Amino acid sequence: MPARDTFPHSACASAAPSLPDTQTDTQPNQTPPDAAPALPASPSPTARRARTAATADTGQPRELPTAAFAEAFATALLDWFAVHKRPLPWRFGYEPYSVWISEVMLQQTQMDRGVDYFLRWMTQFPDVASVAAASEDELLKAWEGLGYYSRVRNLHKAAKALVERHDGELPDDPEAIRALPGIGPYTAGAIAGIAFNRDVTCIDANVERVLSRVFDIDTPVRARPAAARIRALAAALLPAGRARDFNQALMELGALVCRKKPQCASCPLSGLCESLRLGIPHERPVPGRKQPIVPLDVATGVLVHGNRIFIQKRPDEGVWAGFWEFPGGRVERNEAPDATIVREYAEETAFRIAVRDKLAVIRHGYTTYRVALHCYLCELDGNMGGEPPVPPILDAATEYRWVEFADLPRFTFPAGHRKLIDQLTTDLRFAPYR
DNA sequence: AAGTCGTGGGT
DNA sequence: TACCCAAGACT
């Protein structure tokens, strides 16, 4: 736990507003800062003892940093950021649209991948209006491979709402931003704070990690008590007028220095960090309950007929909604994968098919599953293979196509199927069909 | 509030 | 290999 020395009458740091969340969180203190005493940026023992001040009324362990600590924290952090800030493409101009796209794109996504997708997206959809005018299929194709595709559907809805109601511009009011589809507490804070430089914080996994270490928060960071404390701490540490740099700096520090394996030797906050003082930064943040990963065998068949390949479009709900795919499904208990293909084709298309070569086993994961995707080459069986072939009776799809191999890149596939297509490009057994 | 929703990099 | 988990939101 942090030092319990409390200074009930010391200046309490300014508490910048944090976005309202579904969980109501009472800000312990909203009073403006008193005259902040000048304090050396270096962490003196005095500064360390002055780290926190308890809320005066209850005396509960809901502690906020003193103004002096907050200033030392912000100064060290912002100085570091000025030197180590990466030249990311949305860090030029901070146009709200660019910030919005980057923030949504980077949700649960690694920076390097996000940058590539961002640059392509901005070329294809340079403004809100172009997103609103695009078809969902176009947007989905641009998002293909990034995952969490409801993000792009919500982006579409939000863009259309902005064109209709806000003249195609993002509002600068955190509440109004938060009301848009796909924008939660984090993204609303990020847009308001980073694009508009409003005095608002944003809490992502980086911020959680940094603050849980600096203040040695010993309960699961995503659970309510710790989450509320982190929101309050971030708000108290935020220097007025510096939200753009402060928010980015906190996240940048988490991404570059205060990583899962912390690099405390090069951390500008090492002198202020309670978990480091205790020698346990690697024990923070305390993780929540983790979901078990379920292994799953799935089979899929690439059905060829002449030089055409059968694909179908998934329903509008559930995983990979609206994606194209090769039919297939879960391998049941005591079922061989090639038998799965025959069964699934019968159920999903009413095709009788014959399974030929096994093409690949592709391993990938989605959400809580770890999938082994067994891939087979298939043909229509017996007299089903007329010309043109008999139409399918779709049971798990909204559309179907018989397409040439060269046309597959125009359609949007789940990553596992996309990997299969990539492999087929060089698979000699598949040469007759491409 | 606990599950769902993807994917690939890091270790 | 196996596991963790990332600039989260929604239901």
Side-chain angles (χ1 to χ4, degrees), chain A residues 19 21-23 85-86 88-91 98-118 140 143-155 157-158 177-195 201-210 220-224 227 234 244 246-256 258-261 282 285 287-296 314 317-323 325 362-373 412-419:
Chain A
L19 263 337
D21 200 353
T22 43
Q23 309 104 331
K85 163 186 181 181
R86 291 171 292 181
L88 300 171
W90 47 87
R91 285 181 174 163
S98 303
V99 173
W100 175 33
I101 298 301
S102 70
E103 290 301 342
V104 172
M105 214 166 243
L106 265 52
Q107 289 170 8
Q108 301 290 285
T109 303
Q110 293 174 316
M111 175 67 68
D112 291 338
R113 281 169 52 78
V115 168
D116 294 338
Y117 278 88
F118 174 83
L140 217 47
W143 210 268
E144 182 183 31
L146 258 186
Y148 288 138
Y149 300 99
S150 64
R151 290 183 292 175
V152 73
R153 282 182 249 277
N154 285 327
L155 217 47
K157 290 180 198 165
I177 300 171
R178 172 72 180 85
L180 293 167
I183 294 186
Y186 165 76
T187 307
I191 294 172
I194 296 173
T201 62
C202 53
I203 314 294
D204 77 327
N206 288 305
V207 178
E208 288 172 349
R209 193 166 53 254
V210 171
V221 281
R222 309 306 287 265
R224 197 177 54 75
R244 170 174 294 165
F246 181 82
N247 283 319
Q248 292 190 89
L250 214 42
M251 293 190 279
E252 195 85 331
L253 186 73
L256 298 181
C258 196
R259 311 167 57 140
K260 180 160 63 177
K261 185 177 179 182
H282 55 284
R289 216 183 77 231
K290 53 201 164 203
Q291 284 186 297
I293 300 298
V294 179
L296 200 62
R314 294 177 60 89
E317 311 249 323
V319 271
W320 301 303
F323 277 61
E325 66 172 5
I362 290 167
R363 297 180 189 284
H364 66 112
Y366 72 94
T367 64
T368 60
Y369 299 101
R370 189 183 64 77
V371 174
L373 181 64
T412 307
F413 287 86
H417 290 218
R418 180 57 65 196
K419 286 180 194 168

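We name chains A, B, ... by the order of the sequence lines, and we start the count at 1 in each one. The shown structure was predicted, so the numbers you read here are calculated from the model rather than taken from an experiment.
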(Q) Whole angstroms only, please: what is the CZ-P distance between A/R289 and C/dC4? (A) 14 Å
At less than 4.0 Å, is any side-chain N or O atom of [X] found next to OP1 or OP2 of [N]? Yes or no.
| X | N | result |
| --- | --- | --- |
| A/Q291 | B/dG3 | yes |
| A/R370 | B/dT7 | no |
| A/Q107 | C/dG8 | no |
| A/Y149 | B/dT7 | yes |
| A/S150 | B/dT4 | no |

Considering only atom [atom1], compute the distance from [N] to [M] and round it to an integer number of Å.
| N | M | atom1 | result |
| --- | --- | --- | --- |
| B/dG8 | C/dA9 | P | 22 Å |
| C/dA7 | B/dC5 | P | 23 Å |
| C/dG8 | B/dA1 | C1' | 16 Å |

Q. Hey, does A/V115 have a side-chain heavy atom less than 4.5 Å from the side chain of A/W90?
A. yes
Q. Residues two or more places apart in sequence or in another chain: which of them pass salt bridge (Lys or Arg N to Asp or Glu O under 4.0 Å) with A/R244?
A. none
Between protein and nucleic acid, restricted to nucleotides 9-11 of chain B and to nitrogen or oxygen atoms under 3.5 Å apart, what atom pairs and distances do you find?
{"from": "B/dG9", "atom 1": "O4'", "to": "A/Q110", "atom 2": "OE1", "distance (Å)": "2.6"}
{"from": "B/dG9", "atom 1": "O4'", "to": "A/Q110", "atom 2": "NE2", "distance (Å)": "3.2"}

(Q) Under the rule for ring pair (Phe, Tyr, Trp, His ring centres under 6.0 Å), what residues qualify as partners of A/Y117, not counting sequence neighbours? (A) none
